[in-house]
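Let me begin by presenting the structure, written as structure tokens, before commenting on it.
Heads up: numbering here begins at 1 and tracks the sequence. Worth saying up front: this structure is predicted, and the values here are computed from it rather than measured.
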Amino acid sequence: MKILIAEDNILNQKIIEILIKHMGWACHIVNDGVEVVEECLKGGYDAILMDIDMPRMDGFEATSIIRTHNSDIPIIALTAFTENLFHQKSIKAGMNHFLAKPYNKAEIYNTILKYTSEVKVA
């Protein structure tokens, strides 16, 4: 499995990268919404972990653009914003799921599995 990670904070990038690699999956990290759209359009990813607050283009706009080209790829919001408004706005933009920081390894793992074809392991 290959996960595209859109996150502008270097510390958060490293944390997510460690979690994904610990799960045995590959990942590619981009720094903002423009880069995530460009990279997603190249293809080859099973899911996207999308920060909401990024420079140049936020996660909402990036998701909306991605959805015009790819309606199938799971997009999971990973954000520090926990308010219900951001959850609703994420879903409305086309994201499949919303996870609030701080990261919970099991929650990220199970959410990715829920939206991909990989079989869950007990």
Side-chain angles (χ1 to χ4, degrees):
M1 178 128 43
K2 188 169 182 184
I3 309 299
L4 179 57
I5 300 166
E7 172 64 62
D8 63 315
N9 180 286
I10 294 172
L11 179 60
N12 288 340
Q13 288 177 353
K14 295 299 178 192
I15 291 169
I16 300 167
E17 180 180 29
I18 290 167
L19 288 174
I20 295 300
K21 288 184 175 180
H22 188 260
M23 294 173 200
W25 301 334
C27 65
H28 180 75
I29 300 170
V30 296
N31 297 301
D32 61 50
V34 172
E35 291 178 14
V36 74
V37 169
E38 291 170 353
E39 193 63 31
C40 181
L41 294 178
K42 293 177 186 176
Y45 296 96
D46 298 293
I48 300 172
L49 297 178
M50 179 82 73
D51 187 20
I52 290 176
D53 187 26
M54 297 182 289
R56 295 200 303 163
M57 181 187 297
D58 66 28
F60 301 125
E61 185 178 355
T63 297
S64 295
I65 293 169
I66 290 168
R67 286 296 179 227
T68 65
H69 301 280
N70 185 333
S71 61
D72 297 327
I73 190 164
I75 302 175
I76 300 159
L78 284 181
T79 182
F81 298 114
T82 58
E83 295 85 12
N84 192 38
L85 171 68
F86 290 100
H87 180 260
Q88 292 172 357
K89 195 171 177 181
S90 298
I91 301 303
K92 185 175 181 181
M95 296 181 194
N96 298 86
H97 200 87
F98 181 93
L99 295 175
K101 298 174 185 174
Y103 307 116
N104 176 306
K105 178 185 169 187
E107 188 175 34
I108 292 173
Y109 178 75
N110 289 326
T111 301
I112 291 171
L113 289 178
K114 176 180 176 181
Y115 291 101
T116 61
S117 59
E118 188 160 314
V119 178
K120 291 185 182 182
V121 179

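The structure places NE2 of His97 at 15.5 Å from CE of Met50, a figure rounded to the nearest 0.5 Å. The distance from atom CD1 of Ile5 to atom CD of Glu39, rounded to the nearest 0.5 Å, is 12.0 Å. The distance from the CD atom of Glu38 to the SG atom of Cys40 is 11.5 Å, given to the nearest 0.5 Å.
Evaluation of the side chain to side chain donor-acceptor pair (under 3.5 Å) rule for Lys14 yields no partner, not counting sequence neighbours. Residues passing the side chain to side chain contact (heavy atoms under 4.5 Å, CB included) test with Glu107 are Leu99, Asn104, Thr111, sequence neighbours excluded. Asp8 meets the side chain to side chain contact (heavy atoms under 4.5 Å, CB included) test with Asp51, Met54, Pro55; sequence neighbours excluded. With sequence neighbours left out, the side chain to side chain donor-acceptor pair (under 3.5 Å) criterion links Asp46 to no other residue. In this structure Asn31 satisfies the side chain to side chain donor-acceptor pair (under 3.5 Å) test together with Gln13, sequence neighbours excluded. For His28, there are no ring-ring contact (aromatic ring centres under 6.0 Å, His included) partners two or more places apart in sequence or in a different chain. With sequence neighbours excluded, the residues forming a side chain to side chain contact (heavy atoms under 4.5 Å, CB included) with Leu11 are Asn9, Ile15, listed by chain and number. For Phe60, the ring-ring contact (aromatic ring centres under 6.0 Å, His included) test picks out no residue, with sequence neighbours left out.
Hydrophobic clustering (side-chain heavy atoms under 4.5 Å, transitive across Ile, Leu, Val, Met, Phe, Trp, Tyr) groups Ile20 together with Tyr109. Residues Leu41 and Val34 are members of one and the same hydrophobic cluster, defined by side-chain heavy-atom contacts under 4.5 angstrom among Ile, Leu, Val, Met, Phe, Trp and Tyr. Note on Tyr115 and Ile3: separate hydrophobic clusters, where clusters join Ile, Leu, Val, Met, Phe, Trp and Tyr whose side-chain heavy atoms are under 4.5 Å apart, directly or indirectly.
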Walk me through it: do Ile16 and Cys27 pass the test side chain to side chain contact (heavy atoms under 4.5 Å, CB included)?
CA-CA 9 Å; Ile16 300 167; Cys27 65; over 6 Å; no

Run the side chain to side chain contact (heavy atoms under 4.5 Å, CB included) check on Glu7 and Leu78 step by step: do they pass?
CA-CA 9 Å; Glu7 172 64 62; Leu78 284 181; 5.6 Å; no

Might you work through the side chain to side chain contact (heavy atoms under 4.5 Å, CB included) test for Val36 and Tyr45, ending with a clear yes or no?
CA-CA 11 Å; Val36 74; Tyr45 296 96; over 6 Å; no

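Heavy atoms only, all atoms of each residue included: Thr116 and Ala47 are closest at CG2-CB, 4.2 Å. When all heavy atoms of Met23 and Lys105 are compared, the closest pair comes out as CE-O, 3.7 Å.
Evaluation of the salt bridge (charged side-chain N to carboxylate O under 4.0 Å, His left out) test over residues 86-96, restricted to residues two or more places apart or in two chains, returns none. Pairs passing the salt bridge (charged side-chain N to carboxylate O under 4.0 Å, His left out) check and including a residue from residues 18-32, sequence neighbours excluded, read Glu17-Lys21, Asp32-Arg56.
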Show me the donor-acceptor pairs, under 3.5 Å and distance only, between side chains in residues 68-77 and residues at least two apart or in other chains.
from	atom 1	to	atom 2	distance (Å)
Thr68	OG1	Ile65	O	2.6
Asn70	OD1	Asp72	N	2.9
Asn70	OD1	Ile73	N	2.9

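With contacts defined as side-chain heavy-atom distances shorter than 4.5 Å, the pair Ile112/Leu49 qualifies.
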